[in-house]
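The structure appears right after this line, and notes come after that.
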Amino acid sequence: MALTPAAGSGCGASSTPSPPTQSERPANSEVEWDSFDSHAYLRHNYSALRADDREILCRTRDFFADAELSDVRCVDVGSGANLYPALSLLPFARAMDLCEWSASNVGWLRTQIDGYDELWDPYWQVCAEHPAYSALADPRGRLAQVGRVRKASVFDLPRRTWDAGTMFFVACSISADRAEFQRAVGRFLSALQPGSPFAVAFMLGSRGYHVGQRWFPAVELQRVDVVASIALGAYDLNVHEVPPTPPLRDGYLSMLLATGRTRG
């Protein structure tokens, strides 16, 4: 169990960050996650479908479709104000838990479960380019049927509970502490059954980010750091780096998607 709660908020920003001082590089427990501005984050990051998010979503979609999943227990860890990881799991889910710590993000997610905003229709249309997804005629109804929002810390996830999972822009953005990043990745992987397919995404080189008027911490990662954190708990690992074209914000290098299956 975590010594302190962890937030599941993503790595976006709604304004250009200035270089952080030491006091702006807190551990996870020192951050006021309940004040995370879900609507500012949503507007800045997802109000329009970006080319980099489209590429990540396409690769995630194809990965889960090839995994030949059916009627399984799914989890999206640190959903924040982002529904597209959950959409990538939707056709295969008997049940789907959207786990999030920030009270503001939990509230936003609960407004979306019963009928998500039209903003997410272009993201579903990307999914529906694959036959495994286009066969699902009513994704809103399906999410209302199988989805459940859980107020939960990434550090407190139960072991060996779900059969497939996603964690997008979370472990890189909940702390400036590299050990907490590694712990978050490990807890996510251990929450899945052995052999479970997963997709995780990170911001590389992030130095922190603003959401609204608040600064949030990040770990400045390189590709090798991410691979090393995942490799001990996974096999069939595939890593793809997505360059910023154009950048979402200042203060990061690229996005990285990793897919694979969990070890026993």
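For N238 and T259, the side-chain atoms include no donor-acceptor pair closer than 3.5 Å. Side-chain atoms of S196 and D163 include no donor-acceptor pair closer than 3.5 Å. Residues S229 and Q182 bring no donor and acceptor atom of their side chains to less than 3.5 Å of each other.
Nearest heavy-atom pair, P91 versus Y133, reported as atom, atom and distance to 0.1 Å: CG-CD2, 3.3 Å. Here the shortest heavy-atom pairing between Y46 and A81 reads CD1-O, 3.6 Å. Between D62 and H130 the shortest heavy-atom distance is OD1-CD2, 3.5 Å. For the pair R261 and G195, the tightest heavy-atom approach, listed with the atom from each and the gap, is NH1-O, 2.7 Å. The two atoms that bring V219 and A176 nearest to each other are CG2-C, 3.9 Å, heavy atoms only.
Partners of Y123 according to the ring pair (Phe, Tyr, Trp, His ring centres under 6.0 Å) rule, which considers only residues two or more places apart in sequence or in another chain, are Y84, W120. In terms of the ring pair (Phe, Tyr, Trp, His ring centres under 6.0 Å) criterion, F64 has no residue partners (sequence neighbours excluded).
Judged purely by atom type and a 3.5 angstrom limit, D117 has no side-chain atom pairing as donor or acceptor with the backbone of L119. A donor-acceptor contact shorter than 3.5 Å is absent between the side chain of T60 and the backbone of C58. N28 places a side-chain N or O within 3.5 Å of a backbone atom of I174 that can act as its donor or acceptor partner. Although no hydrogens or angles enter the test, the distance criterion places a donor-acceptor pair under 3.5 Å between the side chain of R73 and the main chain of T161. Checking side-chain atoms of R263 against main-chain N and O of A234 turns up a donor-acceptor pair under 3.5 Å. Remark: side-chain polar atoms of Y252 are not paired, donor with acceptor, to backbone N or O of G208 under 3.5 angstrom. The backbone N or O of R187 lies less than 3.5 Å from a partner atom in the side chain of S190, making a donor-acceptor pair. With hydrogens and angles disregarded, a donor-acceptor distance shorter than 3.5 Å links the side chain of R178 to the backbone of E220. Within the 3.5 Å criterion, the main-chain N or O of Y116 finds a donor-acceptor partner in the side chain of R140. Under the 3.5 Å distance criterion, the side-chain polar atoms of D37 are left unmatched by any main-chain donor or acceptor of G212.
At least one side-chain heavy atom of D53 sits under 4.5 Å from a side-chain heavy atom of R50. Two residues are said to be in side-chain contact when any heavy atoms from C-beta on lie closer than 4.5 Å; F181 and V170 fail this criterion. Side-chain contact between F63 and L257: absent, with no pair of heavy atoms (C-beta onward) separated by less than 4.5 Å. In this structure the side chain of M96 reaches within 4.5 angstrom of the side chain of L89, judged on heavy atoms. Side-chain contact check for V200 versus I230: some heavy-atom pair is nearer than 4.5 Å. Using a 4.5 Å heavy-atom threshold, the side chains of V226 and V239 count as separate. At a threshold of 4.5 Å between non-hydrogen side-chain atoms, the residues S88 and L57 count as touching. When side chains are defined from C-beta on, L157 counts as touching C99, because their heavy atoms get closer than 4.5 Å.
Tracing side-chain contacts under 4.5 Å through hydrophobic residues (I, L, V, M, F, W, Y), one reaches V227 starting from L204; they form part of the same cluster. The cluster map of Ile, Leu, Val, Met, Phe, Trp and Tyr, joined by side-chain heavy atoms under 4.5 Å apart, puts V185 and L237 in the same cluster.
F198 and F188 have perpendicular rings, their planes meeting at more than 60° on a 0 to 90° scale where under 30° would count as parallel.
Checked against the 6.0 Å centroid threshold, F169 and F202 do not count as a close aromatic pair.
Between the CG atom in L83 and the CG atom in L143 there is a gap of 6.5 Å [rounded to 0.5 Å]. Distance check: L109 CG to S104 OG gives 9.5 Å after rounding to the nearest 0.5 Å. Rounding to the nearest 0.5 Å places OG of S38 at 3.5 Å from CG of N105.
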Working note: H210 + F216, criterion side chain to side chain contact (heavy atoms under 4.5 Å, CB included); need CA distance, chi angles, decisive distance, verdict. CA-CA 6 Å; H210 277 104; F216 290 91; over 6 Å; no
How far apart are the C-alpha atoms of D76 and M167, what are their side-chain angles, what is the distance that settles it, and do they pass the side chain to side chain contact (heavy atoms under 4.5 Å, CB included) test? CA-CA 6 Å; D76 178 44; M167 184 174 69; 5.7 Å; no
May I have the step-by-step check of side chain to side chain contact (heavy atoms under 4.5 Å, CB included) for V75 and L192, ending in yes or no? CA-CA 9 Å; V75 64; L192 302 177; 3.9 Å; yes
Between L87 and V126, is the side chain to side chain contact (heavy atoms under 4.5 Å, CB included) condition met? List the steps. CA-CA 10 Å; L87 295 179; V126 171; over 6 Å; no
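For R183 and F155, the positive end sits near the middle of the six-membered ring, less than 6.0 Å away and at most 45° from its axis.
A salt bridge is defined here as a Lys NZ or Arg NE, NH1 or NH2 lying under 4.0 Å from an Asp or Glu carboxylate O, and R150 with E100 fails to meet this definition.
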